[in-house]
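Some notes on the structure that comes next.
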Amino acid sequence: MDAPVSTGRAIGLGEKSVRGKLVVGNWKMHGSLAQNDALLADLRAGWGAPSGRKLAVCVPFPYLWQAQAALSGSKIAWGAQNVSEHAGGAFTGEVSATMIAEFGCTYAIVGHSERRTLYGESDKAVGAKAVLAMDAGLTPVVCVGETLVDRDLGSTEAVVLRQLEAVLAQLGERVAKAVLAYEPVWAIGTGRNATPEQAQEVHGLLRRRLDAAGADVALLYGGSVKASNAQGLFEMPDIDGGLIGGASLKADEFLAIATA
Ligand code: PEP
């Protein structure tokens with residue numbers, strides 16, 4: 001893999017060259033009405049929206065209305081953790097991007113490794129989800145990342161580029177309005193984060209591919225990010241913020257990451 005390249009690139013967020021960081025929480029399948037009330041209230045009260053910083057939470061579908069009620073008028077955005085690969089129809093149990101957008105969402109995570117691994121989502125399906133999310137006015141947070149086996153085989157580059165190409169093929173130049181999250185599977189929920197240098201190496205690779213496509217995209221790192229390691233990661237030139245799982249469930253920790 002090439003040496004890390006310092007592009008000094010700014011965060012995308014669908015805009016061009018707005019320097020800053022985006023931190024997105026992924027609650028996964030956690031929460032209850034009472035717990036969410038407390039967490040959302042603490043986030044709203046504690047988020048000072050420092051210049052160049054953006055914060056969002058991606059919550060389970062049944063809680064979208066609650067996030068909307070608690071965060072409307074605040075500087076915190078909200079979104080979902082998945083969208084259907086279908087626009088609508090006889091797909092029992094699925095939730096469409098247009099339904100999600102009705103709850104005032106900004107973001108939708110697509111292609112999280114848990115969905116790829118546990119629910120068999122293909123690269124093609126992830127691309128379709130990204131397209132439908134964008135069609136509905138959402139910003140897809142597209143996740144890519146290699147397993148430990150991939151890494152040990154020296155396939156990290158091939159895997160993340162394959163996953164990215166599938167999205168590029170379907171989104172085309174609209175990829176410039178997406179957010180990309182590099183989440184090494186071996187670092188998710190394991191307490192074992194990539195070092196800043198390991199993360200930067202992959203982010204640099206993704207940046208070069210997106211540059212070649214003419215797309216200025218925010219690149220988030222995800223995988224066991226905590227307040228104690230966020231700063232080192234976020235200082236890397238091609239890391240524009242984080243996708244945060246476990247640590248997004250504690251307001252103090254999540255806010256500390258977002259201001260790291
Ligand atoms: C995630 O679920 O996207 C994630 C990064 O989880 P964690 O921060 O818990 O590793």
Side-chain angles (χ1 to χ4, degrees), residues 21-31 35-36 39 43 54-61 63 67 76-83 100 105-119 121 126 129-130 133 138-148 150-151 156 159-160 163-164 167 178-196 198-200 202-203 206 217-234 236 238-260:
K21 298 285 184 218
L22 167 65
V23 169
V24 179
N26 172 19
W27 287 7
K28 310 194 193 214
M29 198 169 73
H30 294 293
Q35 285 169 2
N36 305 342
L39 177 54
L43 291 177
K54 299 210 178 201
L55 188 65
V57 289
C58 287
V59 307
F61 293 136
Y63 301 139
I76 305 175
W78 60 95
Q81 300 168 16
N82 183 28
V83 303
I100 291 162
C105 295
T106 300
Y107 298 101
I109 297 171
V110 299
H112 191 281
S113 66
E114 287 154 15
R115 301 228 41 103
R116 291 179 189 261
T117 308
L118 301 173
Y119 301 98
E121 286 188 7
V126 173
K129 287 171 184 238
L138 303 167
T139 298
V141 180
V142 180
C143 302
V144 298
E146 84 286 6
T147 64
L148 193 54
D150 296 330
R151 178 160 279 263
T156 298
V159 169
V160 298
Q163 293 170 337
L164 176 57
V167 173
V179 170
L180 189 65
Y182 168 57
E183 297 206 309
V185 179
W186 47 271
I188 296 178
T190 60
R192 182 183 162 188
N193 66 295
T195 65
Q198 283 174 318
Q200 167 59 33
V202 179
H203 279 236
L206 297 170
V217 174
L219 297 180
L220 311 185
Y221 169 79
S224 298
V225 178
K226 306 180 271 287
S228 57
N229 61 22
Q231 186 174 350
L233 288 158
F234 294 175
M236 290 290 129
D238 291 308
I239 299 182
D240 301 317
L243 181 55
I244 317 299
S248 71
L249 298 171
K250 297 173 216 138
D252 288 352
E253 182 83 7
F254 189 46
L255 291 169
I257 291 169
T259 49

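Note that ligands are numbered from 1 as they come in the structure, with each ligand's atoms numbered from 1 the same way.
- Within 4.0 Å of ligand 1, protein heavy atoms come from Asn26, Lys28, His112, Glu183, Ala187, Ile188, Gly189, Gly222, Gly223, Ser224, Leu243, Ile244, Gly245, Gly246.
- A donor-acceptor pair under 3.5 Å links the side-chain atoms of Tyr221 to the main chain of Ala194, judged by distance alone.
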Contacts table for residues 247-260: side-chain donor-acceptor under 3.5 angstrom, sequence neighbours left out:
unit_1: Ser248; atom_1: OG; unit_2: Ile244; atom_2: O; d: 3.3
unit_1: Ser248; atom_1: OG; unit_2: Gly245; atom_2: O; d: 2.7
unit_1: Glu253; atom_1: OE2; unit_2: Ala227; atom_2: N; d: 2.8
unit_1: Thr259; atom_1: OG1; unit_2: Leu255; atom_2: O; d: 2.9
unit_1: Thr259; atom_1: OG1; unit_2: Ala256; atom_2: O; d: 3.3

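- Remark: the Glu146 side chain and the Tyr182 side chain contain an N/O donor-acceptor pair separated by less than 3.5 Å.
- Electrostatic pairing of Glu121 and Arg116 does not count as a salt bridge here, judged by no charged N lying under 4.0 Å from a carboxylate O.
- Contact between Cys105 and Ala80 at its shortest, heavy atoms only, is SG-N, 4.5 Å.
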Derivation of the side-chain contact (heavy atoms from CB on, under 4.5 Å) call for Leu55 and Trp78: CA-CA 9 Å; Leu55 188 65; Trp78 60 95; over 6 Å; no
